[in-house]
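Quick note: numbers below take in every heavy atom, side chains included, and nothing from hydrogens, waters or symmetry partners. Worth saying up front: this structure is predicted, and the values here are computed from it rather than measured. Proteins come first, then strands; the chains are lettered A, B, ... in the order of their sequence lines, and each starts at number 1.
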Amino acid sequence: MDPLATFIAGLLASLGLKVPDWVAMGLSWVIGSVIVFTIVLAIGGVFTYAFRKIFARMGHRPGPNRVGPGGILQFLADGAKLISKEDIRPAKADRMAWTAAVYVSVVFTVMAWAPLPWSEQAIFTNAGAGVLLILAMGAIAPLAEMLAGWGSNNKYSLFGGVRAAALDVSYEIPMLFCVASIVLMVGSLDTNAIVRGQHGVWFVLPQIIGFVIFFITALAKAGLAPTDLAESESELVSGFVTEYSGMRFGFLFVVLFSQAFFIGAMMTMLYLGGWQAPFGDQLPILNTFAGPFTAPLWFVLKCGLLSFVVFWVWVSLPRVRVDQYLATAWKVMLPLSIANFVLTAVLVKTGVLG
Amino acid sequence: MAAAPAPAVPAAPATPPAAPAAPKPKPRGDYAMLQDAHPSGIASYDVLEDGVGVLTVAPDELFTVAAEAKAMGYRLLSVLSAYDRTDHFGVFYAFLKVADTPAQFAELRLRVVLPKAAGEPKVQSLVDLHPSADWHEREMFDMYGIQFLGHPDLRRMFLPDGWTGHPMRKDYKEPEQFVALREGEDVVVRTNEEGSW
Amino acid sequence: MAKVDFANPRMPDGRAPTSQLMTLNMGPQHPSTHGVLRLKLLLDGEIVVDVEPVIGYLHRGSEKLAENMHWVKFIPLTDRMDYVSAMHNNHGYVLAVEKLLGGPEQNIVSERAEHIRVFAAELSRLCNHLFWMGTFMLDLGAITPLFYALRERETILGFLEELCGARLTFNYFRFGGVKYDLPDDPTYLPRIKEFLAKMPGHIAEYQKQLRQNDILVARLTGTGPLSREQALEWGITGPMLRATGVAHDLRKVAPYSVYKSLNFEVPTTTQSDCYGRLHVRWAEMVESVKILNQVVDRLANRNLEGIHLNPDYAGGKILRVKAKGEAYARIEHPKGEYGCHVIGDGKQNPSRVHVRAPSFANLQVIPLMARGQKIADLVASLGSIDIVLGDVDR
């Protein structure tokens with residue numbers, strides 16, 4: 001029984017309802033799923049606002065400032081607009097693929113969030129191989145992009161889909177080697193175990209090469225600038241998103257922005273000590289300054305900081321060219337990540353690390 | 001009135017503008033060389049109101065004259081324009097010596113007169129000499145219907161392929177209705193069965 | 001450029017293609033075709049096998065309209081050709097008509113008016129290059145440089161608005177001078193001096209941020225190559241030509257207005273790719289600031305003789321009498337050679353106005369620059385030409 005199920009069973013018991021364990025478990029799954037889904041979409045929505053605000057500041061503009069205080073409700077207004085728009089399906093589109101792409105994209109993006117440890121307890125699926133689950137969900141992303149690219153029956157979409165698939169496949173391998181180095185050091189695929197393994201020294205120090213490579217590969221896999229080649233608007237109009245309108249477009253958009261947070265969350269978990277406070281042992285006050293919310297707060301703070309870096313890169317850099325970036329993946333990132341992996345293995349075996 | 005600004009083209013022959021009573025100006029420099037080399041092809045030499053001379057070339061000799069001008073260093077086709085006077089069409093060319101200093105810079109202008117009495121206007125194309133003439137000639141074909149003989153792809157430049165008439169001609173009548181954008185029959189585009197072009 | 005045979009495509013080297021090629025219709029509605037340019041692409045995967053530009057979607061028949069309107073009334077129409085640097089369009093047309101009116105000596109514009117013209121034109125050149133830089137970076141996927149460029153452009157547009165009341169389509173030049181004198185505001189020229197003092201720092205800021213960017217350098221170096229020979233053959237002018245190492249600047253080699261008395265350099269580079277073009281335009285902005293400094297000093301310190309508009313030529317009557325004959329005037333537009341071929345019959349409307357548009361002439365070369373490169377390079381090459389579709393189609 002996980003804490004949520006226990007809590008639900010207790011709640012129902014207090015109402016005089018004695019339910020068997022499997023009912024409580026089932027209810028906890030449903031409620032947990034709804035919570036994750038809401039969190040992902042809410043973060044995606046808030047991040048569209050955050051991105052626009054940051055982008056505006058960096059471009060000497062005020063940014064959205066009309067809806068709500070400081071424009072904070074802009075994303076809700078945008079969402080309302082997108083929902084109320086006509087849902088246009090291209091007449092010659094492959095209906096199955098075109099429709100499925102949005103669901104595949106949203107569902108597997110959200111599923112990847114399940115094993116994220118917001119704190120030691122606040123984790124939706126404490127699966128033993130949480131890291132593997134995240135990577136597996138990430139590996140499905142090209143499927144959605146290819147489905148959208150093929151199903152739209154538009155050459156720009158097709159180009160976007162093929163580019164996305166090429167980038168995802170190329171950058172997945174160095175990313176896996178980076179994660180594998182961490183797993184070697186921890187000896188576990190459990191996300192919480194990885195965070196606990198960073199007690200004392202965060203993995204960003206011994207794994208600095210992996211940290212940099214992971215950041216670059218994660219940007220490429222998520223399709224964020226400067227590697228947003230799949231929807232590079234100056235070449236491919238909007239890539240695989242071209243033929244989507246209304247809330248279908250809205251979902252793809254929100255997924256993209258939630259990726260910015262997810263990159264931050266992954267890197268916080270793997271390299272920046274997850275929900276642990278910095279200097280936790282030296283400055284014990286940091287570990288408890290907000291009571292039970294301390295750990296999630298630290299996690300979110302670190303994620304926010306890294307997401308800001310993602311946005312910063314996004315607005316600052318020009319887009320790379322597809323052949324240049326694929327060459328970087330195979331000729332630079334892959335050898336470097338393998339070297340990092342081998343080095344880590346040697347150091348772990350000799351007892352220097354881990 | 002203040003001091004006169006410099007004339008726009010200092011290297012041009014400093015002949016005064018042709019006044020009706022003034023004697024016919026004599027070509028100088030490159031103009032004279034060209035005229036001497038092609039006594040049959042060059043009908044006359046005039047000076048335009050901006051003080052630059054222009055050689056009127058026979059339509060059949062245009063290419064040879066322009067080729068010689070290119071050999072003399074006039075390598076940049078600066079402008080290709082056409083016009084419609086009541087009795088003739090004209091095509092106006094200006095070539096430049098591309099230069100780093102004012103002393104090296106020079107301009108050479110040619111003109112072809114195509115009398116309307118001689119039927120549809122036809123003139124030699126300069127595309128083989130100056131590839132840049134391509135679009136300029138297409139534009140003049142589009143607007144005036146001047147045939148540029150030897151042009152590899154003389155199509156309309158701005159107007160849709162289905163347009164009738166050449167609108168810059170003075171006798172052009174606006175059509176009561178016209179064909180909007182239409183892909184020409186000669187532009188064959190491979191499409192799949194779905195027609196996804 | 002011979003028409004691309006889409007039915008029986010050939011590779012650039014004349015071979016038959018080994019794989020099936022794809023035709024892609026880019027535009028007329030596309031984010032990076034700078035308006036309504038249409039490119040028919042023949043693609044081998046990401047590689048551009050051939051390009052066929054199709055233009056005419058913004059054709060408004062200005063030259064035909066000119067034949068039915070008063071000489072003066074055509075000036076606002078020139079604004080709408082290249083709306084990014086409308087001052088220069090005004091200048092080219094006005095200069096050509098003044099040659100009809102005043103002959104080759106053309107001493108009908110006072111020295112003061114000439115200085116105001118150069119002042120307006122060079123501010124407009126700065127606007128053009130700034131806006132070009134921003135949109136070029138947008139083509140490369142960098143979104144922020146546009147806003148840096150617009151920051152300065154807004155200031156300049158403010159100055160131009162004070163000068164003539166308009167921010168985009170100025171309609172400022174007249175035969176015999178300019179429509180308005182400098183504003184009465186005594187702080188006008190000092191404010192411009194202040195701005196000009198800051199401008200080189202801003203340009204250095206762009207250069208610092210963009211030149212040190214490895215992605216940008218990798219994207220631009222070797223992209224859209226154009227040799228000196230090709231540039232001459234294809235009638236390329238302006239920064240595109242100067243990026244091939246030819247210091248051909250009409251302000252220098254065939255000076256009009258008061259450029260002869262001004263001190264400036266003609267920047268060139270031999271790196272004739274997109275990166276070279278970026279450098280040339282940066283350097284030209286610095287030179288424009290130099291020119292502006294001199295002009296503003298003269299306008300402020302020296303009591304330049306004359307009035308801003310020659311009253312003898314401001315009216316319409318003189319045109320009926322004197323606008324006879326044929327003339328061609330060329331100026332150095334920010335995009336290249338802008339020329340105007342005018343023929344008058346001594347009526348109040350011209351018999352012929354032909355505009356030699358730099359964008360039109362320069363755009364022709366895009367297949368040459370893009371063949372064998374990637375789609376992304378095609379977009380960069382197209383951006384580096386600096387086209388405005390209003391200028392291409394007229």
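- In this structure, A:Trp314 has its ring center closer than 6.0 angstrom to the ring center of A:Phe257.
- Note: A:Phe159 and A:Phe240 fail the aromatic proximity criterion, with ring centroids not under 6.0 Å apart.
- Heavy-atom distances place no part of C:Thr135 under 4.5 Å from chain A, backbone and side chain included.
- Interface remark: A:Val322 contributes side-chain atoms only to the contact with chain C (heavy atom separation under 4.5 Å).
- Under the 30°/60° scheme for interplanar angles, the aromatic rings of C:His279 and C:Trp282 are found to stand perpendicular.
- A distance below 6.0 Å separates the ring centres of A:Tyr156 and C:His30.
- Both the backbone and the side chain of C:Arg219 come within contact range of chain A, judged by heavy atoms closer than 4.5 Å.
- Contact of C:Leu138 with chain A is made through the backbone alone, with heavy-atom distances under 4.5 Å.
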